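Computed from a predicted model, the values in this text were never measured in an experiment. Counting starts at 1 for both ligands and their atoms, in listed order.
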Amino acid sequence: MRQSNLFLTTLREAPAEAETISHQLLLRAGYIRQLAAGVYTYMPLGRRVLRKLERIVREEMDGAGAQEVLMPALQPAELWKESERYEVYGKELMKLQDRHEREFVLGPTHEEVVTALVRGEISSYRRLPLTVYQIQSKFRDERRPRSGLLRGREFLMKDAYSFDTGWEGLDLAYEQMYQAYGRIFERCGLKYRAVQANAGAIGGKGQNHEFMALSEIGEDTVAVCTSCDYAANLEQAEVRGKSVTPKRDFSGNAVPVKFHTPNQKTIQQLEQESGIKPQEIIKTLIYTNGNTVFAVLVRGDHEVNELKVQKYMGGGEITLAEYELVQQAAGVESGYVGPAGLSLTVLVDQAVAGMAEGITGAGEKDYHLRGVIPGRDFPLENVGDFRNAAAGDACPECGSGQLEFHQGIEVGHVFKLGTVYSEKLGANFLDTAGRSQPMVMGCYGIGISRLLSSVAEQNHDDEGLIWPSSIAPFAVHILLMSAKDEAQREAAEALYIQLTSFGIETLLDDRDERAGVKFKDAGLIGIPVALVVGKGSAEGKLEYMDRRAGTKEVIDIEEAVARVRGI
Ligand code: 9G3
């Protein structure tokens, strides 16, 4: 490709709203252009990278025995009503009507569509197992689209769905996909971790893993063990400990003592005003799940893990009680609530149950209690793991390593769905005994546009992007120093023709621009190798620049061709 023809404009500055470096660079280097909030055009350079990513995904999906299909983005609302998900996602699910005012959605995912497809085609165990996949645009009306392709409202996803006769089959399909995902991210040059995750609203009791691109701008926190391969999304990370506390004899202990803590409602205020360490405090938080108001106790230096509490309380959505509800349920404002004497169900994190004594709210404004004893001053009926894991905690898997926290961008997610969708949508098969059974499903997603941005997040320097050669838009960037110098131009043209004839994707910067502009643009665009054709071409020399290593060396043109062919 000659750059004088390439539909490309590089920018000196990124627009103010671009906060993350990948968003800034993809805009400045002319890979993407925004059409609307969270809606992007892939310019030729961006499209070429996307196609490389798609090719890697297709090769590994096909290699794992999945069959490629292409399902519609336009989905009848009836299917989402059949699966009882039409109302679950609120405004995030984009809804529209056709000319006959029939209701449709723009597909955010395809469980409903693929299950309806398969139920119409397969009814015997002989036709299973089956895994299909597609690479297709998804629509999710994010409240705050941001960071370019990282959180868009129309984005490219590879979504695969497996159908088996039983859970053993699903375990096999899941393992195959899990391995394929590892190969995909390796080949894309991505630094990632597979972590245990929670299924969220998608349902399904099964295991599921998220594939996290490591990045400090990642919105997810993953807990990773320093010595074994345990890794979990923070929401999911268990805390090692014992949920049963030994019976204790309280006879020798003094009763709690009230002390004045005016305007000290938070842990920080108690620490600053009264010199109390967070570890000495028992935090009492009041929650409601719609019909029950209950209390959760965690140590002052820990955070409540609302997913763990939600699961313990039966799975329904829980929320922190508002001011009035706290006042009504605990008789005092939230900063002074204590567990003693509460007429509510009290969930006690195991770390609190293990405390000899603690400081709690006194149940009276501006007062706290010292010397509160778990099991004596409040019941230990509901002791469990209700807190977020904290950095430094012992690994729940091996017990010897410690947990470290890393930020991550979720680029892939694999789920064991089970029969949630096949039961709701009637995707059944006749088993060997002729009995009708629901198919056992798995679903497997990769955010391809998000993957592009994540690779960019992990591969740049202060000049610009630095693409891994497996997904770079071109393999080689020839920079012709002086377009007016006939000898140089001929040398550059000959080199371009030669490399292209060897099937090497080459971009020739043949523009009539100063050298400085060409070097700046090359640094921004991030093609792994640049060949500078300048004065030295008269002696058959050129400058070989390795974009990642930042090295430059003058070598023979033939040597450069041989090196590039070697890559
Ligand atoms: C919706 C909307 C947003 C959604 C979903 C549904 C996330 C939804 C979860 C999944 C699960 C898997 C197949 C590929 C891998 C991920 N956001 N999810 O179901 F209606 Cl608006 O998409 N789907």
Exercise. Looking at Phe185 versus Tyr192, is the centre-to-centre ring distance below 6.0 Å?
Worked result: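 Yes.
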Problem set entry | N or O contact, Thr109 vs ligand 1, cut-off under 3.5 Å |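 Min N/O separation from ligand 1 is below 3.5 Å for Thr109.
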For this session: Say whether Tyr444, considering both its backbone and side-chain N or O atoms, lies within less than 3.5 Å of an N or O atom on ligand 1.
Result: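 So ligand 1 has no N or O lying under 3.5 Å from an N or O of Tyr444.
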Exercise. Should the pair Lys95-Asp141 be classified as a salt bridge under the 4.0 Å nitrogen-to-oxygen rule?
Worked result: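 No, no charged N to carboxylate O under 4.0 Å.
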Problem set entry | Salt bridge flag under 4.0 Å for residues Glu142 and Arg153 |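 No, Glu142 and Arg153 are not salt-bridged.
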Exercise. Looking only at non-hydrogen atoms, which of Glu111, Met157, Arg140 approaches atom 22 (O) of ligand 1 most closely?
Worked result: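 Among Glu111, Met157, Arg140, the closest heavy atom to atom 22 (O) of ligand 1 belongs to Arg140.
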Problem set entry | Glu59 and its salt bridge (Lys or Arg N to Asp or Glu O under 4.0 Å) partner, picked from Arg183, Lys158, Arg187 |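 Exactly one pass, corresponding to Arg187.
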Exercise. Once the angle between the rings of Tyr89 and Trp80 is folded into 0 to 90°, is it parallel (under 30°), tilted (30 to 60°) or perpendicular (over 60°)?
Worked result: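 The arrangement is perpendicular - the two ring planes meet at more than 60°.
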Using a 4.0 Å cut-off to any heavy atom of [X], which atoms of ligand 1 qualify?
X      : value
Leu93  : 20 (F), 21 (Cl)
Glu92  : 3 (C), 21 (Cl)
Trp80  : 20 (F)
Gly445 : 14 (C), 15 (C)
Asp159 : 14 (C)
Cys443 : 12 (C)

Exercise. Does His413 have any ring-ring contact (aromatic ring centres under 6.0 Å, His included) partners at least two apart in sequence or in another chain, and if so, which?
Worked result: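 His413: ring-ring contact (aromatic ring centres under 6.0 Å, His included) contacts with Phe415.
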For this session: Answer yes or no for Lys81 and Tyr86: cation-pi contact, defined as NZ/CZ to six-membered ring centre under 6.0 Å and angle to ring axis within 45°.
Result: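 That pair qualifies as a cation-pi contact.
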Exercise. Does NZ or CZ of Lys416 fall inside the cone over Tyr174's six-membered ring, less than 6.0 Å from its centre and within 45° of the axis?
Worked result: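 The answer is yes; both the distance and angle limits are met.
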Exercise. With backbone taken as N, CA, C and O and side chain as the heavy atoms from C-beta onward, which portion of Met94 lies under 4.0 Å from ligand 1: side chain, backbone, both, or neither?
Worked result: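 Near ligand 1, Met94 shows nothing, with every heavy atom at 4.0 Å or more.
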Exercise. Does Phe139 reach ligand 1, in the sense of a heavy atom lying below 4.0 Å from it?
Worked result: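 It does not, in that no heavy atom of Phe139 comes within the 4.0 Å cut-off of ligand 1.
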